[in-house]
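Take a look at the structure below.
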Amino acid sequence: MVIVAFGMWAERRPWGQRLGAPLILVGITLALANTGIIPHSDPLYETIVTYLVPAAIPLLLLRADLAVIVSEAGPMLITFLFAAAATIIGAILGVVVVDMGTSEAQLVGAVVASYIGGSLNFVATAEAVGIKDSSLYIVGLSADAVGAVFFLAAIMLLPSVTLVRRMVQSKFNFAAGEETAGNEDNTVRDFDIARASYGIAISLVVCALSASITEVFEIESLYIVVVTALSLVVANFAKPLVRQVRGDLEIGTLFMYVFFVAIGAGADVTVVLGAALPVLLFILVMIVVHIILMIVFGRLFKLDLAEIMVASNACILGPAPAAALAASRGWQPLVAPGILVGIFGYAIATFIGVTLTTILSA
């Protein structure tokens, strides 16, 4: 929890926004575990993966109102769909270029889910396709984290490339906005513990129902997929109940941050580096194709370069980094749409990842 608290503190600094709390958390715990300060394995880590991750999914998806996302995100949603398509095409070309072995289909599905939604979707897809309890899980997550750093550096450099600026126009200013992330917000926010408990209760009921459904139909491997589907049902068809909940995103994020710490601790660098290299090469191919296609799509369909950058961030890294990018550049009108399409990515990515695995396995 000390590491999680540090990650949350870092997110309020400009440098922390650029890196992202998940990357910071994984990096710190990876270093601590590989220097022997904390153990690589412990029953607590398995408990976190078993209980906190499924409980986080409904909490993070309670605001995934698909009707609102479609109506309010506007052009950003179209740009995000282009970004998701670019990721899928990049993954298909990556499979052609890089051989990842017998579990290639499962790895591709999990990585694509992560690079359309987020790490939450990597976890869900990995469990659904049967690699969560294997060494491939850590290998994939490790390569995923390194690829995210490469993508962030590449996407931030786009406006400085003259050819890109000529090909894709923007109505937004590309001078960095005023950096306010380092300012402390001393406003006391009310925390309604009763309404927070509603969210946790809904989450655990969804998880319990999902467990019962998968047991009855003997589809235990699809547990996380069912949790995701039921969460979307609640978010879109039980809105009066959802409106009574407070603190759901914050608690869900906290659960996932604890998970990142456990994942970082479990990564043995001496084992991972060699095994993760093919997956990392696949991810790099996928990212390069993604960025090239987004520039081409931007040129052909007259997309806005700033919206491309935010939508690609929402797709590859998730809603929080997308919002951070828009805010840091002073693109305030793009902050909320970036969050909305990022949440939409959470909602669809697991299904895309599982479907892609099924197609590649055929």
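Proximity of M294 to T79: side-chain heavy atoms (C-beta onward) are separated by under 4.5 Å at one or more points. Considering only heavy atoms from C-beta on, I291 stays 4.5 Å or farther from S312 through its side chain. Within the 4.5 Å cutoff, the side chain of L158 has heavy atoms near those of the I295 side chain. Residues I116 and I88 meet the side-chain proximity criterion, which asks for heavy atoms closer than 4.5 Å. Within the 4.5 Å cutoff, side-chain heavy atoms of R63 are placed close to those of V245. The closest side-chain heavy-atom distance from L249 to L59 is not below 4.5 Å. Under the 4.5 Å side-chain criterion, counting only non-hydrogen atoms from C-beta, V310 is not in contact with F80.
When all heavy atoms are compared, the tightest approach of P319 to I339 is CB-O, 3.6 Å. Residue A148 comes nearest to Y115 through the heavy atom pair N-OH, 3.1 Å, listed as atom of the first residue, atom of the second, then distance. Of all the heavy atoms in E218 and E220, the pair that sits closest is C-OE1, 3.4 Å. Here the shortest heavy-atom pairing between G147 and I283 reads CA-CG2, 3.8 Å. When all heavy atoms of A349 and A113 are compared, the closest pair comes out as CB-O, 3.2 Å. Between I131 and A110, the closest heavy-atom pair is CD1-CB, 4.4 Å.
A distance-only check finds a donor-acceptor pair linking the side chain of D304 to the backbone of K171 [under 3.5 Å]. For the pair S361 (side chain) and T358 (backbone), a donor-acceptor distance under 3.5 Å is absent. At distances below 3.5 Å, not a single donor-acceptor pair connects side-chain atoms of D42 with backbone N or O atoms of Y45. Side-chain N or O atoms of Q169 include one that pairs as donor or acceptor with a backbone N or O of R166 at under 3.5 Å. At distances below 3.5 Å, not a single donor-acceptor pair connects side-chain atoms of Y257 with backbone N or O atoms of M1.
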Kindly list each side-chain donor-acceptor pair under 3.5 angstrom involving residues 89-108, sequence neighbours excluded, with atom names and distances?
from	atom 1	to	atom 2	distance (Å)
D99	OD1	G101	N	3.0
E104	OE2	M100	N	3.1

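Listed by first and then second residue, the side-chain hydrogen bond (donor to acceptor under 3.5 Å, both in side chains) pairs that reach into residues 222-241 are D65-K239, sequence neighbours excluded. Screening residues 339-354 for side-chain hydrogen bond (donor to acceptor under 3.5 Å, both in side chains) gives N121-T350 as the qualifying pairs, with residues at least two apart or on separate chains. Listed by first and then second residue, the side-chain hydrogen bond (donor to acceptor under 3.5 Å, both in side chains) pairs involving residues 197-214 amount to none (not counting sequence neighbours).
By the salt bridge (charged side-chain N to carboxylate O under 4.0 Å, His left out) test, D144 pairs with no residue at all, sequence neighbours left out. Partners of V261 according to the side-chain contact (heavy atoms from CB on, under 4.5 Å) rule, which considers only residues two or more places apart in sequence or in another chain, are I3, V4, L25, T29. Applying the side-chain contact (heavy atoms from CB on, under 4.5 Å) criterion to F150, with sequence neighbours excluded, gives L284, I287, V288. Evaluation of the ring pair (Phe, Tyr, Trp, His ring centres under 6.0 Å) rule for F82 yields F297, F301 as partners, not counting sequence neighbours. Taking L300 as the reference, V296 meet the side-chain contact (heavy atoms from CB on, under 4.5 Å) condition, with sequence neighbours excluded. Every residue two or more places apart in sequence or in another chain that forms a side-chain contact (heavy atoms from CB on, under 4.5 Å) with L204 is listed here: A55, I200. For K302, there are no salt bridge (charged side-chain N to carboxylate O under 4.0 Å, His left out) partners at least two apart in sequence or on another chain.
Rounding to the nearest 0.5 Å gives a distance of 13.5 Å between CE of M167 and CZ of R165. Here L293 contributes atom CG and I308 contributes atom CD1; the two are 11.0 Å apart, rounded to the nearest 0.5 Å. Note that CD1 of I24 and CZ of R13 are 11.0 Å apart. Values are rounded to the nearest 0.5 Å. Residue H290 holds its NE2 atom at 4.5 Å from OG1 of T87, rounded to the nearest 0.5 Å. Atom CG in L30 sits 8.0 Å away from atom NE2 in H40 (nearest 0.5 Å). Considering CG of L157 and CE of M309, their distance stands at 9.0 Å, rounded to 0.5 Å.
Taken together through direct or relayed side-chain contacts under 4.5 Å among Ile, Leu, Val, Met, Phe, Trp and Tyr, V206 and V216 form part of one hydrophobic cluster. Note: the hydrophobic cluster containing V2 does not contain I48 (ILVMFWY, side chain heavy atoms under 4.5 Å, direct or indirect links). I359 and V354 fall into different hydrophobic clusters, where Ile, Leu, Val, Met, Phe, Trp and Tyr side chains are chained together by heavy-atom contacts under 4.5 Å. In the hydrophobic clustering of ILVMFWY residues, with side-chain heavy atoms under 4.5 Å counting as a link, L230 and Y51 come out apart.
For Q244, the CD atom sits in a packed shell: over 12 heavy atoms of surrounding residues, nucleotides or ligands are nearer than 6.0 Å.
Here F237 is tied into one hydrophobic group with V233, each link being a pair of ILVMFWY side chains closer than 4.5 Å.
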- Message: Does M76 form a side chain to side chain contact (heavy atoms under 4.5 Å, CB included) with L340? I'd like the steps, not just the answer.
- Response: CA-CA 9 Å; M76 182 72 77; L340 288 172; over 6 Å; no
